[in-house]
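For reference, the structure is listed below as structure tokens.
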Amino acid sequence: MGNKNIRVIGPRGSGKTSYLAALAHWPDKEKKNVTLRALNDETRQLASRAKGIIEGGATLEPDIVNEEDGIDAIPFYSFGIKTDKLFGKDELITLSVRDYPGEIFEILADMAKATSIHKEFIEECLEDSVDGCLVLLSDWEKDKDSDRRTCAALTEFLQQMGKQNRLKNLRVAVALSKCERGELWPGRLDPKLDLFQRHLHRTTKALSRALPARNLRFYAVSTFGVYGRNDPRPNREIEPGKENTSTLRDREYWQPYGLLEPLYWLSRGD
Ligand SMILES: Nc1nc2c(ncn2[C@@H]2O[C@H](COP(=O)(O)OP(=O)(O)O)[C@@H](O)[C@H]2O)c(=O)[nH]1
Ligand SMILES: [Mg+2]
């Protein structure tokens, strides 16, 4: 199987970098028969940083878009995902993932604010070579406006994709991140119905209208996860006074949820 080019987008703080850090750092935690390998230096660096982020509770600095550094300053991660004996044979998927700063997502909803570097990012994200996009969202009911803002940004994104004639063959996986949160956790089993239609109704409708059903899937992911099968306490600590900033509470029980499913589907289509 060839290399698959996946972009990860989503608003600031939606958990993009942590998600990729978890993939880079402790990938075989989720499933015993899957091995993940960092394939380039940036991914190995992320893996060593991830230790601090996930185990030590270091908070990630927000990504900053710097006009001078240009697009090459955005890390480009490369993973090899090997599954043992899936349908009787080993399989290797190579994933290239660009972790865009959340700012790009916000600019999408308001292109009048885009500077040349934002346009450069967005163009790269729309390139023909992109096989699929993973959209990570973490806001739901926090403020009533988040559905409207998310919808506006994604509508713009899909319009741009449409202009490039990409809507027929681009897969879009939309995931609600941080789904270990108590209000969301039971909804993980049927994310489309119980998370998206319920909490992000407008966004779900707009996506379903713009994309063919075969190219759109809804997921729930949690980089931190819960304590265990019979202990659904969220394994996270909220930083005092910062509702949206958390760290792993107990590394011993670390069990990310649903990290790989969207990537599988984006790269394989099943
Ligand atoms: N509760 C919870 N918090 C998370 C999870 N993943 C990331 N976070 C936290 O969300 C905040 C933003 O994460 P970050 O990865 O920097 O988001 P990015 O801006 O999209 O790259 C950080 O405080 C993370 O620790 C998760 O699965 N659950
Ligand atoms: Mg980030």
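Counting begins at 1 with the first residue of the sequence. As the structure lists them, so they are numbered: ligands from 1, and atoms in each ligand from 1. These numbers come from the heavy atoms of this one structure, side chains and all, not from hydrogens, waters or symmetry mates.
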Who gets closest to atom 21 (O) of ligand 1 by heavy atom: V8, D99, T17? T17
Among all residues two or more places apart in sequence or in another chain, which pass the salt bridge (charged side-chain N to carboxylate O under 4.0 Å, His left out) test with R44? D41
Where the closest heavy atom to atom 1 (N) of ligand 1 is concerned, which of E237, K16, E180, R12 has it? E180
Numbering as shown, the atoms of ligand 1 that approach S18 to under 4.0 Å (heavy-atom distance): 6 (N), 7 (C), 13 (O), 14 (P), 15 (O), 24 (C)
Sub-3.5 Å N/O-N/O distance, Y19 and ligand 1: no
Distance-only polar pair, side chains of T115 and H118, donor-acceptor under 3.5 Å: yes
Can you find a heavy atom in the side chain of R7 that is under 4.5 Å from one in the side chain of Y100? yes
Please classify the K178 to ligand 1 contact at 4.0 Å (heavy-atom distances, strictly less than): side chain, backbone, both or neither. both
Could you tell me whether ligand 1 has any atom less than 4.0 Å away from a heavy atom of C179? no
Strictly under 2.8 Å, is the Mg ion (ligand 2) approached by any N, O or S atom of S18? no
R236: numbered ligand 1 atoms lying under 4.0 Å from its heavy atoms: 1 (N)
Donor-acceptor pair between H199 and E183 side chains, under 3.5 angstrom: no
Between Y219 and W265, how do the two ring planes meet: parallel, tilted or perpendicular, split at 30° and 60°? tilted
T247, any N or O under 3.5 Å of ligand 1 N or O: no
Ligand 1 contacted by G102 (non-hydrogen, < 4.0 Å): no
Only one of L176, L195, L207 forms a side chain to side chain contact (heavy atoms under 4.5 Å, CB included) with L200, so which one is it? L176
Once side-chain hydrogen bond (donor to acceptor under 3.5 Å, both in side chains) is applied, do any residues pair with K168, and if so which ones, sequence neighbours excluded? none
Can a donor-acceptor pair be found between the side chains of Y227 and Q255 at a distance below 3.5 Å? no
At under 4.0 Å between heavy atoms, is it the side chain or the backbone of P256 that contacts ligand 1, or both, or neither? neither
Does one side chain, of T17 or D99, offer a donor that lies under 3.5 Å from an acceptor on the other? yes
Below 4.0 angstrom from a heavy atom of P11, which ligand 1 atoms are there? Numbered from 1 as shown, please. 20 (O)
Among S246, G13, G258, S222, closest by heavy atom to atom 25 (O) of ligand 1 is S246
